[in-house]
Amino acid sequence: MTDERDTPAAPEGTATEGTATEGTATEGTATEGTATEGTAPDGTALDGTATFEGLGLRPELLKALTALGYEEPTPIQQEAVPPLAEGRDLLGQAATGTGKTAAFSLPVLQRMAAHRTERPPVALVLVPTRELAVQVSEALHRYGRDLGARVLPVYGGAPIVRQLRSLESGVDVVVATPGRALDLLNRGALQLGDVATVVLDEADEMLDMGFAEDLEAILDATPEQRQTVLFSATMPRRLDALARRHLRDPVRITIARETARPGETPRIRQTAYVVPRGAKPAALGRILDVEAPTAAIVFCRTREEVDSLTETLNGRGYRAEALHGGMSQEQRDRVMGRLRGGTADLLVATDVAARGLDIEQLTHVVNYDVPSAPEAYVHRIGRVGRAGREGVAITLAEPREHRMLKTIEKVAGASISVQTVPTVADLRARRLDLTRGALRESLLGDDLDRFRVVVETLADEFDLMEVALAAVKLAHEAAGPVDDDEEIPQVSFRPERDGGRGPAGRGTGRRDERPGRPAGRSAGGPATRLFVGVGRDAGIRPGDLVGAITGETGLTGRDVGSIEIHQRFALVEVPESAADEVVQALRATMIKGRKAQVRRDRA
Ligand code: AMP
């Protein structure tokens with residue numbers, strides 16, 4: 001199941017939970033001036049890297065970040081947080097995966113704590129889709145918990161009555177899709193007179209979806225002296241015009257700076273696998289089984305991820321060790337000793353903890369997530385492929401992280417091939433290969449004579465081939481680690497947007513609320529999952545389904561949501577409003593030369 005589809009319901013009670021607690025939340029948190037261990041008084045770490053303390057954030061926020069296991073700000077956070085906390089406008093070019101949500105959320109919360117008003121909300125975040133509204137409001141809620149931040153996501157397709165009630169009870173930050181925001185504004189339920197900050201997140205998507213006029217109307221309803229923050233993965237000309245009209249002397253930040261020169265990346269085999277978030281631990285285990293690294297570092301974003309992944313990998317028979325900033329120097333030295341001495345073969349680490357490590361026998365670097373900046377990618381994978389040895393870099397990417405991976409390829413001058421996660425059949429074939437190799441070695445080298453008597457006695461009773469087969473089976477089972485026959489869903493990257501030139505780009509309607517028009521999942525409309533009765537057995541790939549759907553209906557590639565290919569069937573997400581049309585069309589056509597059963601998925 002992919003994370004986009006598995007969007008949790010809007011966090012109930014986020015609007016009412018925790019009333020304003022100005023000045024009461026500092027107890028038990030770090031106070032100003034208590035630089036943490038390894039931190040210079042100016043807030044930078046002793047090795048010169050940036051820290052969250054150094055960004056001037058309030059103790060309540062620092063506490064939340066520590067609890068989440070964030071060890072250091074990502075590049076976009078380092079650059080964006082200080083000016084935003086000062087109240088500057090900002091124009092940022094950054095894709096998903098860079099940490100941009102925290103980059104604007106932390107300053108919004110910081111300013112909210114400093115200027116609580118009589119008539120909230122103090123901030124409005126506009127996002128293109130319902131999924132993003134929920135995701136961003138959850139992030140704000142997590143970071144702002146100790147500040148008592150009241151955050152409410154509002155989007156089309158959900159009952160408006162509850163949203164009206166929540167707004168009435170007082171909300172500090174509203175995260176909204178433009179259509180619903182305008183609706184609430186027109187009803188007088190959303191008061192924007194005291195809004196100090198407006199954030200436009202994924203602004204290019206909002207323009208592509210025809211929200212330009214809505215955005216203008218909403219911005220016009222906010223105070224002129226407000227702070228305006230605009231994040232976008234691309235900067236088409238229309239967006240530049242909007243920025244020029246609404247932003248005042250903005251700080252400009254581009255995450256894809258050309259700091260890593262093309263060609264700097266060492267010669268390393270670089271592969272990315274597209275994996276839904278929930279399937280990542282299993283996928284990584286499988287990839288490692290097939291790759292069989294001598295020694296590998298697996299990079300994670302947070303301490304929690306490091307700990308839980310280490311546990312999973314150990315459960316799979318690896319000798320994995322965790323390394324993160326929450327460990328003492330002595331613990332870290334012990335871990336490094338085990339890796340260098342060969343009693344551990346996997347190191348699961350955060351960037352901070354792994355900084356400066358040079359491990360001679362390292363063959364593989366794994367990015368458990370797409371790194372937050374191209375520079376981090378180059379830095380991480382530079383740990384292998386030294387001195388002419390072969391190096392392998394593996395990246396697990398979620399379907400929505402396509403753009404960040406592309407940016408990395410461009411900026412780092414890297415060539416990353418996208419592959420599907422090894423199937424159960426691949427894994428079995430690989431294991432048999434290993435067993436065959438071990439047997440061949442034994443046949444060539446070992447003194448086998450002492451086993452002759454066993455074979456000779458069994459040969460009286462069984463055929464020699466059968467004896468050999470039983471022996472191979474025993475050897476194979478003795479070497480094999482865990483049984484793994486769980487299929488991992490095959491997903492592809494989200495279809496690329498068309499940069500505003502497609503039909504969606506010309507529309508001006510509110511795609512999250514307009515019934516009777518195919519509102520793609522990327523457009524925030526409700527999506528429906530269809531069951532299609534052909535799968536991997538029939539050689540079906542995601543492209544076959546997208547091709548069949550776009551060929552037989554009026555939908556475009558970007559209307560098709562996540563796709564899972566299983567052994568005998570596939571699940572595909574399409575806009576609810578077009579579901580019946582798609583079912584009829586697919587029933588009437590052939591997919592890869594086969595007729596398939598097609599229906600709404602009952603799950
Ligand atoms: P975003 O680009 O905002 O979608 O964030 C991508 C992911 O990175 C989210 O899962 C965040 O929770 C995570 N994240 C953001 N900032 C940090 C950080 N400084 N350290 C570790 N993880 C982070």
Side-chain angles (χ1 to χ4, degrees), residues 3-4 6-8 45 49-55 57 61-81 84 92-109 125 127-129 131-145 175 199-203 205 229 231-233 253 255-256 275-278 280 299-309 324-326 348-355 367-377 380 395-405 407-408 494:
D3 60 333
E4 302 102 300
D6 194 20
T7 308
T49 55
T51 63
F52 282 113
E53 286 85 354
L55 299 183
L57 293 172
L61 294 172
L62 295 178
K63 190 174 156 206
L65 295 171
T66 307
L68 287 168
Y70 291 11
E71 295 197 324
E72 62 172 354
T74 65
I76 192 98
Q77 291 161 6
Q78 285 172 36
E79 290 191 41
V81 170
L84 286 180
Q93 188 165 356
T96 295
T98 52
K100 70 179 161 61
T101 312
F104 66 74
S105 297
L106 295 169
V108 158
L109 292 163
V125 182
V127 296
T129 65
E131 284 86 356
L132 199 58
V134 172
Q135 209 173 299
V136 169
S137 72
E138 282 179 343
L140 276 157
H141 188 60
R142 276 199 303 270
Y143 304 141
R145 182 160 295 176
V175 185
V199 179
L200 309 179
D201 190 18
E202 302 204 354
E205 290 273 0
V229 183
F231 274 108
S232 187
I253 294 177
I255 168 81
V275 186
R277 181 184 286 277
K280 273 188 173 182
F299 283 101
C300 294
R301 278 190 178 130
T302 66
R303 294 175 188 182
E304 280 67 25
E305 212 166 61
V306 166
D307 284 335
S308 83
L309 189 60
H324 59 62
V348 186
T350 55
D351 278 305
V352 172
R355 191 160 287 145
N367 299 306
Y368 194 60
D369 303 282
V370 176
S372 58
E375 293 81 358
Y377 180 85
R380 284 178 180 184
T395 303
L396 302 195
E398 288 173 43
R400 64 196 171 91
E401 289 174 331
H402 191 197
R403 195 183 294 277
M404 190 59 198
L405 205 64
T407 303
I408 288 174
R494 272 182 183 183

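For ligands, and for the atoms within them, numbers begin at 1 and follow the listed sequence. Here the structure is a predicted model, which is why all the values come from computation and not from measurement.
By the 30° and 60° cut-offs, the orientation of the rings of Phe104 relative to Phe231 is tilted.
With respect to Glu79, the side-chain contact (heavy atoms from CB on, under 4.5 Å) criterion is satisfied by exactly one of Leu84, Ile253, Leu55: Ile253.
With respect to Lys100 and Glu202, a salt bridge is recorded, a charged nitrogen being found less than 4.0 Å from a carboxylate O.
Annotation for ligand 1: atoms under 4.0 Å from non-hydrogen atoms of Gly99 are 1 (P), 2 (O), 3 (O), 5 (O), 15 (C). Every atom of ligand 1 is numbered from 1 in the order shown, and the set under 4.0 Å from a heavy atom of Glu72 is 18 (C), 19 (N), 20 (N). Residue contact check: Gly97 has heavy atoms under 4.0 Å from atoms 1 (P), 2 (O), 4 (O), 6 (C) of ligand 1.
Residue Thr101 has at least one nitrogen or oxygen atom sitting less than 3.5 Å from a nitrogen or oxygen atom of ligand 1, judged on distance alone. Considering both main-chain and side-chain atoms, Ala102 never comes within under 3.5 Å of ligand 1 through any nitrogen or oxygen pair. Residue Thr98 has at least one nitrogen or oxygen atom sitting less than 3.5 Å from a nitrogen or oxygen atom of ligand 1, judged on distance alone. The distance criterion of under 3.5 Å between nitrogen or oxygen atoms is not met by Phe52 with respect to ligand 1.
Of the candidates Arg303, Gln135, Gln77, Glu398, it is Gln77 that places a heavy atom closest to atom 16 (N) of ligand 1.
Between the CG atom of Asn367 and the CG atom of Leu396 there is a distance of 8.0 Å, given to the nearest 0.5 Å. A distance of 12.0 Å separates CD of Glu53 from CG of Leu61, quoted to the nearest 0.5 Å. Between the OG1 atom in Thr101 and the CG atom in Asp201 there is a gap of 6.0 Å [rounded to 0.5 Å]. Distance CD/Gln77 to CD/Glu72: 9.5 Å, rounded to 0.5 Å.
From the protein, the heavy atom lying nearest to atom 7 (C) of ligand 1 is Arg301 NH1, 3.3 Å. Nearest to atom 23 (C) of ligand 1 among the protein's heavy atoms is Tyr70 CZ, 3.6 Å.
Arg301 places no side-chain N or O within 3.5 Å of a backbone atom of Asp351 that could act as its donor or acceptor partner.
Not a single heavy atom of Met404 sits closer than 4.0 Å to an atom of ligand 1.
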